[in-house]
Amino acid sequence: MTKINLINLDKGVMLGLIKNKKFKSNLISIYFERNIKKEEATKISLLSNLLSIGSEKYPSMKDISIKLDDLYGMTMNVGVSKHGEKSLMYFKFLSIADKYVDSNVFEDSIDFIYDLIGNPLIVDNGLNPKKLDLEKENLKVEIESLINDKRSYANIQCVNNMCENENYSVNHLGYIEDLEYISSEEMYEFYLEFIKTSKIFIFIEGDFDSNRVEQICKDRFVFQRGNIVEIKREEYKKEIEKIKYIKEDMGNIQGKLVIGYRNNVAYEDYCRYYSLLVANSILGGGPHSKLFNNVREKESMCYYASTSLEKCKGILLINSGIEIDSYDRALELIRKEVDDLKTGNISEIEIDNAKSSIINALKSSYDSVSGESEFVFNQYISGTNLSLDEILGFIESVDKESIVDSVKKLEEDTVYFLK
Amino acid sequence: MKKIFNETINEILYYDTFENGLELYFMPKRGFESKYAVLGVDFGSNDLEFIPINEKEKIRVSDGIAHFLEHKMFEQPDESNAFDEFSKFGASANAFTSFTMTAYLFSATENFYPSLRHLINYVQTPYYTEENVNKEKGIIAQEINMYRDDPEWNVYMNCLKAMYASHHTSIDIAGSVESINKITPEELYKCYNTFYNPANMKLFVVGDLDEDELFNCVRENNNLERDFEKEIKRFMPSEQDGINTYRIEEKFAVSMPLFYIGYKDNPKDSEKTLDRLKKEISTDILFDIIFSESGDLHSQLYDSGLITGSIYGGYLSQKDYSYALASGSSNQPDLVKEKIDQYIDELRRNGIKKSDFEINKKKKIGGFLKSFDSISFIANNFLRYMFRGINFLDYLQVLKNIELSDIEDRLDNFFLKEKSVISIVSPKK
């Protein structure tokens, strides 16, 4: 494993350098972190779109694209996402390492990236006013298009119903009704505040000269700093009084069944959390899992039945695509598998397979140029700062007893069915 | 064992053909944690008409059979599932079927050799019974239904249907619920015995491994002896030069219309493979000159609010068919198509700017080099090109040698309005 070099650039600005000779690409990722809030979500989302379509030096989307192509097709991925109840705006750039093209792509890229973030297109104290209406319309379309992918739409709907009055249900893409009243002046004010008060993480991964890169970043990434927002830990515990049942009809051929559980486990409780991670894998983490073997293969009930775990919020989701008429039967079969997990009806082979599968996935993630920086970033924003080896150690030590203990407070909260 | 070293991309390729006809390729990736192996069979969903091995008459099998066979390959005679063994080794296994090939793969950080032996072994062990074939129909029917609900998949398949009247590429890879219900163990065995022949298969391995150990392991473990001298006789209904229908529209639960525009090409069998590769890359560069965000067309469409994001797509070239696809979302997809047609006409009149060509070529070079950071991309693409007789290592040299005149030549002969179609998925009211 490589050694990561973490440098404090400024108040609330962290630079992580991950040198890795095996890649031909360099990845530059910049994250802005805040607590997720309904009243800010639309502005953050609109801001990410506006910053990526014009800057002072590259005023149009076409100018930006020409620059990217000229940097040997550097790719740019700008957007917003949600990590627990934290809101993230991210900028990710993938460029070719200088030595493959005998050109100064890296330094040029940094100048370009800083220009997009640090010198946006301001006209009469407004942020890119000419393009505001168009970008509002595009964001509206983006929010509405969530219904296109039925599987992910069903997951989102289950979570939103489950966490109705919690920040976790805030849509990080924003809200159509908020768009109308946002002016370009307001966007500029918000931009200044956003840059000044958000926590900033910069990660650079690839094959480069560390000292030179550190110096370039120190010189170029200079942001105005104010009072940095304090990030709150998510509420992750909840007792369920009554299960919510929700059905939505969209005229689909296949039904999408999503069951949301509260797991009531804190990720800071490492032994219990990594036992839960293994439990999640045993239940629905791939072809070795209970759901795959017993619901898909034995019952021929579905094409997919899998689970996912939300680390910070303490949510476990099961989702499956089934015949619309099989709703009751599928629910019964899935619940049986969850009960087996809770009562310890788990074989040693299931435990070993789940552990190997997680270990393989964790190690493999280091083979992509984004893998290590994403791993470190995820540790960093959760404040856990575990190394890969430490995590592997926790997973190795999981046994049947610790698995059963980790799922004893797993409680069904919401059953959502999209048909 | 033979070896090619490519200095520009700093990669080595080892390869050899074993006695039974199986080809093995290996690209070392020093420092990578996982090793990736993919066993490809030159048998895809398009292969529906052929003469089965040791028979004389041509048969037409059920739509979706290659994909069905892929699912059934995992079933083993001792009633176990091939996934079980991979799980034991901590390997992550999968398989996929495309229009032109079937691939079985795994990646592993530990236990690579036991996993590789298992891969070779299970793909050589067919086991189809009335019962296990019928059981699979339920799972695949759900897979088909999942795709039937997916607007992206439907707008894509409809675009192929609009372009092709008879070619099998207009048939869904998984077939339909009706067609898979007709599949029998006998039909599966006929396909297996004909196509799962070592001379019709290639194995590609990437990772931090010793080449001698790898080649010895494969030599000792691929025991399949087949009648591989015979060439497989495949048939495809003859396809007209022109398109099938200009426009297909379907309603779905989507927020705004999605569109796919298809341009049909007519590849000639007589062309040499490297000429085909040159044509493919030239057309891809031309596609970017026309459609990418750095071009004038995108600005016109985006700034007027006609499209909401990028236009995605590119050129696809296969043995007996090729086309380009451009997709996006718009409230007025027909108008978008009209504007694109006009723009391409103008480009033909005004010519391509040398600087546009240079910058798009540069972008393609960077993109190609970066793709060598993904081991699955390397293996899957090498296989795809190998089945067409092309060594993917040649790609960069061919790309570097492309000149503006090659692009102009493609502009004269391709992206023609009379050979273009539009497929639209529009919102249900």
J.: Which bit of B:Ala91 comes within less than 4.5 Å of chain A, counting heavy atoms only: side chain, backbone, both or neither?
T.: backbone
J.: Any donor-acceptor pair under 3.5 Å linking the side chain of B:Lys370 with the backbone of A:Gly73?
T.: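 The answer is yes, because a donor-acceptor pair under 3.5 Å joins these two groups.
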J.: Does B:Thr109 offer a backbone N or O that forms a donor-acceptor pair with the side chain of A:Asn360 under 3.5 Å?
T.: yes
J.: In terms of side-chain geometry, is the basic nitrogen of A:Arg151 or B:Asp149 positioned less than 4.0 Å from the acidic oxygen of its partner?
T.: no
J.: Are B:Phe32 and A:Tyr366, when compared by the centres of their aromatic rings, separated by less than 6.0 Å?
T.: no
J.: Report the residue from B:Asp356, B:Asn360, B:Asp288 that forms a side chain to side chain contact (heavy atoms under 4.5 Å, CB included) with A:Asp69.
T.: B:Asn360
J.: What do the steps show when you test A:Ser25 against B:Asp373 for side-chain hydrogen bond (donor to acceptor under 3.5 Å, both in side chains), and what is the final call?
T.: CA-CA 7 Å; A:Ser25 330; B:Asp373 282 344; 2.4 Å; yes
J.: Between A:Ser300 (side chain only) and B:Lys135 (backbone N and O only), is there a donor and an acceptor less than 3.5 Å apart?
T.: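 Yes.
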J.: If you take all heavy atoms of A:Lys24 and B:Leu369, which pair is closest and at what distance?
T.: CD-O, 3.2 Å
J.: Output yes when a side-chain donor or acceptor of A:Lys363 lies under 3.5 Å from a complementary backbone atom of B:Glu33, and no otherwise.
T.: no
J.: For A:Tyr304, is there any backbone N or O sitting under 3.5 Å from a side-chain donor or acceptor partner on B:Gln142?
T.: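 Side chain of B:Gln142 to backbone of A:Tyr304, a donor-acceptor pair under 3.5 Å: no, none is there.
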J.: Within 45 degrees of the ring normal and closer than 6.0 Å to the centroid, is that where the cationic atom of B:Lys363 sits relative to A:Tyr72?
T.: no
J.: Please determine, by modelled atom types, if B:Glu143 and A:Tyr303 share a side-chain donor-acceptor pair under 3.5 angstrom.
T.: yes
J.: Does the side chain of B:Tyr302 pick up a donor-acceptor pair with the side chain of A:Asn138 at under 3.5 Å?
T.: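 Yes - a donor-acceptor pair under 3.5 Å links their side chains.
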